[in-house]
Structure formats: structure tokens, C-alpha cells
Protein chains: 2
Amino acid sequence: MSRPPRETTAPADPKPGRRASQRPTIRDVSRLAGVSRMTVSRVLSDPELVLPTTRDKVLKAVADLGYVPDKTAGSLSSRRTGFIALMLPTLTNANFAAVAHGLTEALREANYHLLIAYTDYDMAEEERQLLNLLARRPEAIVLTGAMHRRNASRMLMAADVPVVEIADLPSQPIEHAIGFSNYQVGRTAARYLLDRGFTRIGALAASPDGEVTDHRGEERMRGFEDELRFARLPTDAVLRHGSAPVSFHHGATAFRTLVEAQPDIEAIFAVSDLSAVGAVMEAQRMNIRIPDDISIMGFGDFEIGREINPALTTIHVDFRALGLRTGKMLVDMLASDANPAPSIVDVGLRIVERASIKDR
Amino acid sequence: MSRPPRETTAPADPKPGRRASQRPTIRDVSRLAGVSRMTVSRVLSDPELVLPTTRDKVLKAVADLGYVPDKTAGSLSSRRTGFIALMLPTLTNANFAAVAHGLTEALREANYHLLIAYTDYDMAEEERQLLNLLARRPEAIVLTGAMHRRNASRMLMAADVPVVEIADLPSQPIEHAIGFSNYQVGRTAARYLLDRGFTRIGALAASPDGEVTDHRGEERMRGFEDELRFARLPTDAVLRHGSAPVSFHHGATAFRTLVEAQPDIEAIFAVSDLSAVGAVMEAQRMNIRIPDDISIMGFGDFEIGREINPALTTIHVDFRALGLRTGKMLVDMLASDANPAPSIVDVGLRIVERASIKDR
DNA sequence: TCCTTTGATGGGACCGATATCATTTGTCAC
DNA sequence: GTGACAAATGATATCGGTCCCATCAAAGGA
């Protein structure tokens with residue numbers, strides 16, 4: 001048996017005040033169930049604390065009213081928003097979308113919600129978006145791509161929540177980092193081609209000029225050129241063409257441009273599978289045989305690379321697992337309420353050998 | 001000259017209370033600037049209301065403290081969260097990602113933030129996610145794909161915010177709808193193939209069984225089969241294979257299965273360009289000439305379809321524009337604070353003729 | 001029997017903003 | 001000089017939850 005509610009009842013006809021919406025609040029539920037607001041709150045957040053009889057009364061009231069708790073209010077009070085912020089260059093890239101999916105999956109069970117922002121590879125937008133995210137008081141922040149604006153870094157340091165940079169390994173991480181070195185991707189690709197005895201080696205990438213920049217792609221190109229230089233090979237067949245983000249079409253036009261300029265080219269590394277696939281398609285149209293005439297290698301292991309003819313040799317990174325792992329780490333971190341020492345995790349790369357590289 | 005602040009000053013050493021985070025609040029800014037909290041609030045939300053001298057003092061205090069306003073608190077007070085909810089089947093589909101991008105772009109200037117949830121084509125997840133979204137009190141809800149659970153519909157009706165269903169035209173829309181008829185897509189595709197004189201016509205789609213279902217794809221298939229039936233053609237070459245969501249690989253295996261079962265097939269409509277492209281790739285491997293031996297048509301006009309050989313004939317819908325348009329409508333609607341009569345907008349379709357259909 | 005402990009629940013303060021209305025100051029016309 | 005009005009700013013209540021502690025009943029131990 002429950003005692004009668006002792007909490008003061010609101011006046012029957014409250015002055016209008018700010019109350020516009022008719023949505024039921026926890027107070028409406030508590031009145032209908034004949035319990036205090038706290039009891040309702042407990043039923044919804046930690047039912048074990050409440051007697052089954054009471055619990056059922058409350059749940060019935062919740063159902064009858066169609067009550068949906070207001071997390072905005074709850075967040076303010078508990079100082080936990082349940083948001084994890086994620087900043088991406090774009091969603092229209094299967095690998096970044098996979099990161100989001102992996103993260104979501106890890107966060108789902110702990111009832112966090114991903115708050116996504118993206119920059120369209122625009123550095124200025126990055127800072128604006130970061131402010132937007134911070135204003136929502138996320139409990140952690142996940143970033144893709146290096147933040148370069150000094151302001152942004154400062155805001156992050158001050159944010160007082162875990163910051164994880166993923167899909168790259170910055171030389172000066174803000175805090176945690178889980179990913180791989182895009183520079184190493186470039187070097188690995190070049191090494192792979194060098195080991196196969198190619199000497200006329202080129203690459204397809206976007207131009208790094210302008211505000212819109214793919215920093216991670218640039219790193220890959222830097223590594224690629226470095227490795228060529230170490231091997232005392234020229235880098236004059238490393239083509240910067242168009243602007244980020246790259247696309248199938250980018251690959252196609254860049255390939256044609258490169259081949260026309262350097263007809264003796266033997267092997268090409270594309271900054272992304274998107275470009276690489278576009279290049280293969282353009283090669284088909286130009287009656288250039290892949291890999292007999294030119295070998296092509298990509299990065300990212302997009303699904304389409306597996307399906308084209310010839311299948312694309314590429315460098316694989318498991319972006320979904322990257323998101324998953326990041327999410328798990330954050331859930332643990334937030335549950336233990338301890339902010340451990342900054343960790344740097346290299347998830348590594350894997351060359352996926354398919355048919356687009358000539359065996360020689 | 002400003003008068004001295006009259007607002008009661010908090011005790012110098014406040015009792016610890018709940019204050020854990022060290023983040024500055026509007027109160028810290030107001031103290032540093034020597035104005036009231038309201039004045040700070042005004043400077044940040046409607047600077048015109050404040051004298052330039054005062055404004056500068058406040059902005060300096062904001063900068064000095066690194067103050068970032070807490071939108072959670074602001075939302076609770078103003079009863080406007082600035083969130084627009086978007087529910088998608090998945091982010092790993094270029095067209096859905098494009099919807100998100102279009103929406104974001106439209107919402108950016110009005111300073112709304114997209115709150116994304118996705119279901120992975122899982123009906124049960126849909127309802128869970130909807131609750132999560134509603135708990136954040138979005139000012140509008142955008143849905144992709146029909147909601148079928150009765151509960152979900154009920155929750156939406158009760159939500160008291162504009163609801164827009166996009167990328168489909170439901171027979172019984174919850175409120176607003178902007179999109180196209182997936183059923184018409186199917187009929188249009190079949191009509192197109194019929195008009196070209198094909199009589200052995202097949203299709204590639206996912207199996208509709210199980211919890212994980214692509215409702216919109218199913219609608220396309222329904223329209224396709226109906227049109228075949230109206231033409232008194234058999235629908236036995238409409239293949240349901242694998243489960244949603246479809247992929248390049250799905251298209252490849254489904255194509256092989258279909259062709260082996262129905263060697264005399266002349267033309268194939270795939271529920272998505274993803275399947276269609278996969279089919280074209282498999283055809284290359286099987287030495288089946290497209291379109292000479294078999295014509296293939298897709299849906300969605302994904303970029304890859306433009307680049308493959310032969311380029312893919314498909315049905316185009318501008319998903320980015322769809323998102324953009326939806327966003328603009330919502331911004332207007334929310335600005336005028338009037339909830340206009342439910343509107344149904346058909347943005348139509350466009351057949352994009354490329355080389356994958358035989359000219360006969 | 002009385003005291004302590006535990007479990008269930010309630011009361012009230014509080015989270016950090018903004019809505020609303022009040023107050024103060026300045027301007028201008030008469 | 002004075003009153004009317006507008007502009008600038010402040011004081012306070014409030015949004016809808018949860019935290020913290022108080023209260024009360026029941027159970028158990030001495």
C-alpha cells in the first residue's frame with residue numbers, strides 16, 4: 001500500500017505562464033499515478049529501486065498519457081547529455097559512414113546518441129561546427145581528420161571531455177587517437193609498387209590548394225612521394241588534379257590526364273578507391289589493359305573495388321571496427337568516470353592483393 | 001557608462017552543491033563583464049538589443065573565459081531545442097547520405113542541427129530510435145521509409161511537431177510528404193522496358209522476408225510486377241535474392257542466379273543501382289555482353305553508374321534536392337510558427353538513358 | 001522493548017539558460 | 001520643467017527533469 005502523495009498539488013488552474021505545449025510532463029505522470037515525481041523518475045531510470053506495485057502504477061500512467069521523458073531537462077539536471085559528438089568531413093563516403101555505424105553500434109547499449117556534424121572538407125566550417133557541438137555539451141568528442149585551426153584545438157582542450165581523433169595518427173594528438181597513419185599508407189603503397197619492380201610510378205590525388213582540403217589524403221601523398229624519393233625515383237608523375245573530395249569521375253579524368261602526359265607510366269596509386277575505380281573504368285574506355293599495360297592500386301577497400309574487373313588491389317582499413325572500438329573505449333571511459341592517460345592506438349593497415357597489379 | 005550591477009552576487013564560497021564541471025556559465029560571464037545574465041544572453045542571441053559598449057564588454061568576457069553557451073539549458077528555457085530529427089534506414093547509402101547533406105545545408109543558416117538516427121532496415125529498431133529522438137524534443141521530424149508499427153504512428157501524431165515523410169509517398173501520410181512514389185518507379189521501369197519491345201523481363205531485388213526489410217524497395221518491385229501483369233507478361237523472372245540492404249555483391253550473385261535459371265532473359269531491372277552495377281560487373285565476368293545480350297536498368301542514379309562500361313541506364317531522383325527542399329520547408333514552417341495543412345509533394349522521377357539498354 | 005539498519009518514497013533545491021515584466025535612463029515636444 | 005515614450009538593462013520565475021537528503025515503515029538484533 002502506498003501512502004497518499006504529500007507533494008504539494010499545483011493549483012487547478014495554473015496561470016498560463018510559458019506553458020504552451022500540451023505534452024505531459026513527469027508531474028502529470030506523478031499525479032495520475034499518485035506518487036512523487038522522483039518515483040516516476042526512478043521507475044524510468046532505475047526500476048529496481050521501486051516496488052513492483054508502484055512501478056506498475058507508474059508505467060500504466062506513462063502509457064495512458066503517452067509520456068515521453070524530456071532528455072533536455074534530464075540532461076541539464078544530471079549534467080549528462082548522453083551525446084557523443086562526431087565530426088566528419090562528409091557522410092557521403094562509405095568509409096566515414098561506416099565509422100558512424102560502428103560508433104553507433106557501440107554506443108547503443110549504453111544509450112548514448114551520436115551527434116554528427118560534418119565539414120564538407122571545409123576548414124572554416126570545422127570551427128563553426130565544433131562550436132555547435134560543444135554547445136550541446138557532448139560527453140565525448142570524436143574527430144576525423146586533423147584539426148588545424150588553433151582556436152579549435154584550444155576549444156577542445158577546454159572542453160573538459162574526452163577527445164578522440166580517429167582515422168589518422170596526428171603527430172601531436174589532442175588527447176586520444178585511434179587510427180592509422182595516412183603517411184604510412186602512402187609509403188606502404190609506394191613500397192609495394194617498388195617491390196614489384198615498377199620504376200615509372202604515378203599517383204592520382206586532389207589538389208591541396210584552397211580552403212577545401214582533404215588533409216588525410218594529403219598525408220598519404222606525402223608518404224607516397226617520400227618513399228619514391230628514398231628510392232631515388234622521380235615524383236613527377238604524382239598528379240594533383242581537381243579538388244577534394246575525390247570521386248569516380250575525378251579518377252577517370254585524372255587518369256586520362258596522367259596517361260596522356262606520361263605515356264610510359266607503369267603503375268598508379270590513387271589516393272582513394274573512388275579515384276582508382278574511376279581510373280580503371282577510364283582505362284577500359286581507352287582500351288588500356290589493367291594490369292597488363294598499367295597497374296592500379298587504391299586505398300580504402302570500398303565494396304565496388306571488389307566487384308570491378310579486374311578487382312582492385314587496395315589498402316584496407318576496417319573503418320567500421322574503428323568506430324566500434326572507439327565507441328567501446330568511450331563507453332568504458334565514461335562508465336568508470338576516470339579519464340585515463342592519453343592513448344594512441346594504431347590499428348594498422350592491410351594490403352589487399354587483387355588483380356589490378358601486374359605480377360612480374 | 002553602465003550602472004553597477006544590481007543582481008545579487010552569489011556568496012564568495014558557494015557550497016559545493018552539484019557543481020562539478022569548471023566550465024564557465026553565463027553567470028561567470030555576467031560577473032566578469034559587470035552586467036546581468038540577461039544582457040549576456042541578449043548579446044549572444046540578439047546583439048542589436050544591446051549598446052555597442054556593453055556588447056564589447058560582454059564579448060570580451062566571453063572570449064576571456066572561453067565561454068560556450070549551454071544549449072541544453074537554453075533549449076529547456078526557450079522550449080526550442082534547435083534539433084530536427086532525421087530517421088534513415090542507413091547512412092551507408094549515398095542517396096540517404098545525400099538527403100542528410102541537403103537537409104543540413106538548408107538548416108544551417110537557420111541554425112538548426114540535424115539529429116540523425118538510423119534503423120539498419122530493422123523495423124523494431126525503428127520504434128526504439130523514434131523514442132530516442134522524441135525524447136530530445138526535436139522541432140520537426142523527418143522520416144524516410146514508411147512507418148508501419150502502429151505505436152510509432154501514434155507517438156508521431158502525439159508529438160505535436162511537424163512530421164515529414166520523404167523519399168516515398170505513403171498512401172496514408174502521417175502529415176507532410178515530399179518524395180516520389182516507389183511504386184511508380186517500378187511501373188516506370190517496367191513500362192520503359194516494355195516500350196522497347198522486351199518480352200522476357202526480369203528483376204533483381206532483396207527478399208522481403210524477415211524483420212530486416214527495405215519497404216521502399218518492395219514498393220518498387222510491386223509496381224514493376226504490376227506493370228508486367230498489366231501487359232500480360234509473366235513475373236517469374238522477378239528474383240528475390242538475399243536480404244536488404246542490397247549491394248554490388250548482391251547484384252552480382254543475383255544476376256548469375258537469374259541468368260542461369262532463365263537463360264533467355266532479355267532485360268533486367270534492379271531495385272537499386274548497387275545491384276545493377278554488380279550485375280554489369282558479373283556480366284563482364286560471364287562474358288555476357290551488356291546491352292547486346294542482356295539490357296540492365298537500375299534505380300537511384302549513383303555516381304558509379306555513370307562511370308561503368310557500359311554506363312547504366314537508371315531512374316534518377318535528386319535526393320540532395322529532396323533534403324534541401326524538405327529543410328527549406330521546415331525552416332519556413334518553424335519560422336512562421338504556423339503548422340500549415342498537410343502537403344504532399346511529388347518531386348517526380350527522371351529516366352536517365354545511358355548505354356546499358358539495347359536500342360531496338 | 002527499543003534501537004539500528006535497510007528499503008521505499010518524498011520534498012525541495014538546483015542544473016543554466018531565457019521569457020516576461022519592471023525599472024531606470026535618455027530624448028523630445030510642449 | 002515636465003510628462004510621454006522609447007531604449008537599455010535588470011530581477012525573478014520558470015522550463016522539466018534529477019540530486020541530495022529527509023522521512024517513514026518494516027525488519028532484525030540485543
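It should be emphasised that the depicted structure is a prediction, and the values quoted were computed from it without experimental measurement. Lettering follows sequence order; numbering is per chain, from 1. In what follows, every heavy atom counts, from backbone to side chain, and hydrogens, waters and symmetry copies are set aside.
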Taking only the side-chain nitrogens and oxygens of A:S45, find out if one of them lies under 4.0 Å from OP1 or OP2 of D:dT18.
no
Are OP1 or OP2 of D:dT9 and a side-chain N or O of B:T39 less than 4.0 angstrom apart?
no
Does any part of the side chain of B:L114, heavy atoms only, come nearer than 4.5 Å to the side chain of A:I116, both counted from C-beta?
no
Quick check on C:dA17: is either OP1 or OP2 less than 4.0 Å from any side-chain nitrogen or oxygen of B:Y67?
yes
OP1 or OP2 of D:dG16 versus the side-chain N and O atoms of B:R79: is any pair under 4.0 Å?
yes
Contact under 4.0 Å: A:T54 side-chain N or O vs C:dT9 OP1/OP2
yes
B:T25 vs C:dG16: side-chain N/O to OP1/OP2 distance below 4.0 Å
no
Quiz item: A:R42 side-chain donor-acceptor pair to C:dG10 base, under 3.5 Å:
yes
Has the side chain of B:S77 got a donor or acceptor that lies under 3.5 Å from a partner of the other kind on the base of C:dT18?
yes
Taking B:G82's backbone N and O only, do any of them form a donor-acceptor pair with B:E139's side chain (distance below 3.5 Å, no angle check)?
yes
With a 4.0 Å cut-off, would you call A:K60 and A:D64 a salt bridge?
yes
Any carboxylate oxygen within less than 4.0 angstrom of a Lys/Arg side-chain nitrogen, looking at A:E125 and B:R108?
yes
